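As the structure lists them, so they are numbered: ligands from 1, and atoms in each ligand from 1. As the structure is a computational prediction, the values presented were derived from the model and not from experiment. Worth knowing before you read on, the calculation uses all heavy atoms, side chains too, and leaves out hydrogens, waters and symmetry mates.
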Amino acid sequence: MTNSETATWSIEEQKKYLELGYWHKLSIGAELNNWCKCYSNNIAIISGNKKLTYQQLNQQVELLAAGFYHLKVRPNDRVLLQLPNCIGFIISFFALIRLGALPILAMPSQRQQDIHALCKLAEPKLYIVPNRFLGTHYQPLIDDITTHFANTRVINIDNEQDPDFTLSQYYHSTPFTVSEPHYLDPAILLLSGGTTGTPKLIPRTHADYCYNARAMAEICKIDSNSVYLNVLPIAHNFSLSCPGLLGVLSKGGCVVLSKTTSFDEGFNLIKQHKVTITALVPPLAQLWANAREWDDTDITSLKLIQIGGSRLEASIAKQIKQAMHCQLQQVFGTAEGLICCTRLDDSDEVIFNTQGRPISPHDQVLIVDENDQPLKVGATGEMITKGPYTIHGYYRATEQNKTSFTKDNYYRMGDLVKFTSTGNVIVEGRIKEQINRAGEKIAAAEIEQKLIEYPSIESCAVVPVKDSRLGERSCAFIISSNKQITLSDVRNFLKQQGIAFYKLPDQLEHLTKWPLTSVGKIDKRSFLL
Ligand code: OOB
């Protein structure tokens, strides 16, 4: 019996994915145990001057799982994990999974507004958070949670005393017993990029998430000699399982954690640990490639650079490949499931100009018009999808699920896409009201709902604007009797409301009236500068 709170795959689909070997009848905790036994003396994780073998990783996961059990964490309990790239994240993540508890993977950049909403939605038993990291102080978030959520216990890690957040003070040696989770139970709750005012949680199951990671590991030819540099936040699906941490561990490779996204740190880690693969968002990849003009650190071990999360221009893809002297892979994916990517042996033509194709032969992808009618190959329309690792519904979100999925359980990506004659996809735009700021997603609705509370703002619209550095920046258009309101007024106001830094508008424009569509709605398209 599974305990999924959302719709799941049909019995026929389940049978098929098991027979094809896509799904294993194992929890992620059991998979980790097998990997650790198989590769016991290989180095699994490197962070700063700490190295963990697979065997040590498994032991520490077991000790922390016992520690969490001692703190009364039980199967199916939620635990909010908001840690940067550090060993503590990895051990906590696997320890919770081993207990059958569900880690909610918040990003270090998220602030009070999101964290509060997540606690309300998922009622976590624990909230694991540092006191500060890279100039961010988490105390206001901690105070908010302690005040409003009596059932959520805060585990606050002091970065001064424990720069790698190892959580060893919580390790416990008394054995515990919990029943093994079903392979189709939710294993983790990922955060959705979001199109609404409140965050949505993506329940990924043990079997589907491991398949996603393994399929990507195979496409990227990961083996026990692979060294993966983890630059992006480890809580993101791209760096967690595409192939990321899980894909690399499934093949006995090594994951090197980078604390920052800077090329100084990145290039040095590549040189020091002979990194073979890394994953970046387009603006970062461009920065790193530009730095190669004067930086001569030896990065010749690097074989593959994956780029995804937002649009990559063909001309920039070409520049990056030339500057980094390695293969490039475009990745167009979503935390809800579907991942498309170019393959290592594709031509430059395909790699530079397309976002590749689905990773599973059983991904079902349709390009449809406004009435969900499939279009012919080459036409641009909305991409909808279902398959062996795409969700059928968000966690505790009955209303939202009615609009985010079609009647026959396809997930609506919200992206405008076309297929080329070679079967690769090209992302042409999107219909969801979202700003993709350097790979970080901002729901226009969330910022609009807050802005309207600003004294004297009568109405507002937040839209993406093309930006040479970020890909897109966010621009707030407002109608207000007070023409003196400035960008910094608006940003300060939103910051006080607990809105994350990356979601603050980059630009402010005053209007006196809205351009309207023929049906009288605000015509957001006319703002797209
Ligand atoms: C990744 O996942 P999310 O969930 O943060 O965002 C998904 C959305 C897509 O629907 C699309 O709008 C956009 O991000 N996107 C891209 C893209 N990759 C993602 N738009 C244009 N070109 C691309 N290559 O962003 C994600 C998850 C796993 C792997 C890679 C990215």
Side-chain angles (χ1 to χ4, degrees), residues 105-107 109-110 188-195 199-202 204 209 212-213 215-217 219-220 230-247 278-286 305-314 316-317 320 328-342 350-359 363 365 380 382-385 389-391 394 404 410-418 424-444 464 466 470-472 502-503:
L105 303 184
M107 302 290 163
S109 57
Q110 285 180 301
I188 56 176
L189 295 170
L190 295 175
L191 276 160
S192 160
T195 50
K200 283 174 289 173
L201 288 171
I202 301 167
R204 299 291 300 262
Y209 208 53
N212 184 149
M216 261 320 253
I219 288 170
C220 296
N230 193 148
V231 176
L232 300 175
I234 191 164
H236 194 272
N237 190 38
F238 194 6
S239 37
L240 196 56
S241 78
C242 300
L245 176 74
L246 284 174
T278 192
L280 299 175
V281 289
L284 265 184
Q286 205 179 345
I305 177 167
Q306 303 180 278
I307 305 183
S310 65
R311 193 182 159 71
L312 178 66
E313 299 294 336
I316 294 172
I320 295 170
L328 188 151
Q329 179 186 56
Q330 291 215 38
V331 186
F332 161 57
T334 178
E336 279 82 352
L338 183 72
I339 308 290
C340 300
C341 65
T342 57
V350 167
I351 291 175
F352 296 155
N353 294 292
T354 82
Q355 282 66 56
R357 48 203 176 276
I359 61 169
D363 278 319
V365 176
T380 301
E382 188 188 5
M383 190 179 210
I384 62 172
T385 182
Y389 60 99
T390 293
I391 58 159
Y394 293 105
S404 297
Y410 281 82
Y411 167 61
R412 296 181 194 277
M413 296 275 289
D415 294 302
L416 287 172
V417 169
K418 72 175 181 195
N424 291 293
V425 305
I426 296 182
V427 184
E428 300 265 36
R430 77 180 79 93
I431 49 176
K432 54 188 169 190
E433 293 197 354
Q434 191 180 67
I435 296 106
N436 190 334
R437 187 181 190 272
E440 291 190 295
K441 317 300 186 307
I442 305 163
K466 266 200 170 35
L470 299 164
E472 288 176 12
Y502 72 90
K503 297 182 186 174

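- In this structure, the separation between CG on L201 and CG on L191 is 5.5 Å, given to the nearest 0.5 Å.
- The minimum heavy-atom distance linking I426 with Q355 is given by the pair CA-OE1, 3.3 Å.
- Residue contact check for ligand 1: E440 places no non-hydrogen atom closer than 4.0 Å to it.
- Protein heavy atom at the shortest distance from atom 25 (O) of ligand 1 is K441 NZ, 3.0 Å.
- Near I339, meaning under 4.0 Å from one of its heavy atoms, ligand 1 places the atoms 28 (C).
- Expressed to the nearest 0.5 Å, how far CG of L470 lies from OG of S310 amounts to 9.5 Å.
- Checking Q306 against T278 by side-chain atom types alone, no donor-acceptor pair falls below 3.5 Å.
- The option with the heavy atom closest to atom 7 (C) of ligand 1, from among A335, G439, G333, G193, is G333.
- Between the OH atom of Y411 and the CD1 atom of I391 there is a distance of 7.0 Å, given to the nearest 0.5 Å.
- Listed by number with element, the atoms of ligand 1 under 4.0 Å from a non-hydrogen atom of V331 are 18 (N), 23 (C), 24 (N), 29 (C), 30 (C).
- Shortest contact from atom 10 (O) of ligand 1 to any protein heavy atom: D415 OD2, 2.5 Å.
- Of all heavy-atom pairs spanning N237 and C242, the tightest one is O-SG, 3.5 Å.
- Under 4.0 Å is where a charged nitrogen must lie from a carboxylate oxygen, and between E472 and K466 no such pair does.
- Put simply, CD1 on I219 and CD on Q329 are 7.5 Å apart, with the number rounded to the nearest 0.5 Å.
- No part of L312 comes within 4.0 Å of ligand 1, judged by heavy-atom distances.
- Among protein heavy atoms, atom 30 (C) of ligand 1 sits closest to F238 CG, 3.6 Å.
- With atom 13 (C) of ligand 1 as the reference point, the heavy atom nearest to it among S310, P282, G309, G429 is part of G309.
- K432 counts as a contact of ligand 1, since one of its heavy atoms falls under 4.0 Å from the ligand.
- For ligand 1, the polar-atom distance check against H236 finds a nitrogen or oxygen pair separated by under 3.5 Å.
- Not a single heavy atom of Q330 lies less than 4.0 angstrom from ligand 1.
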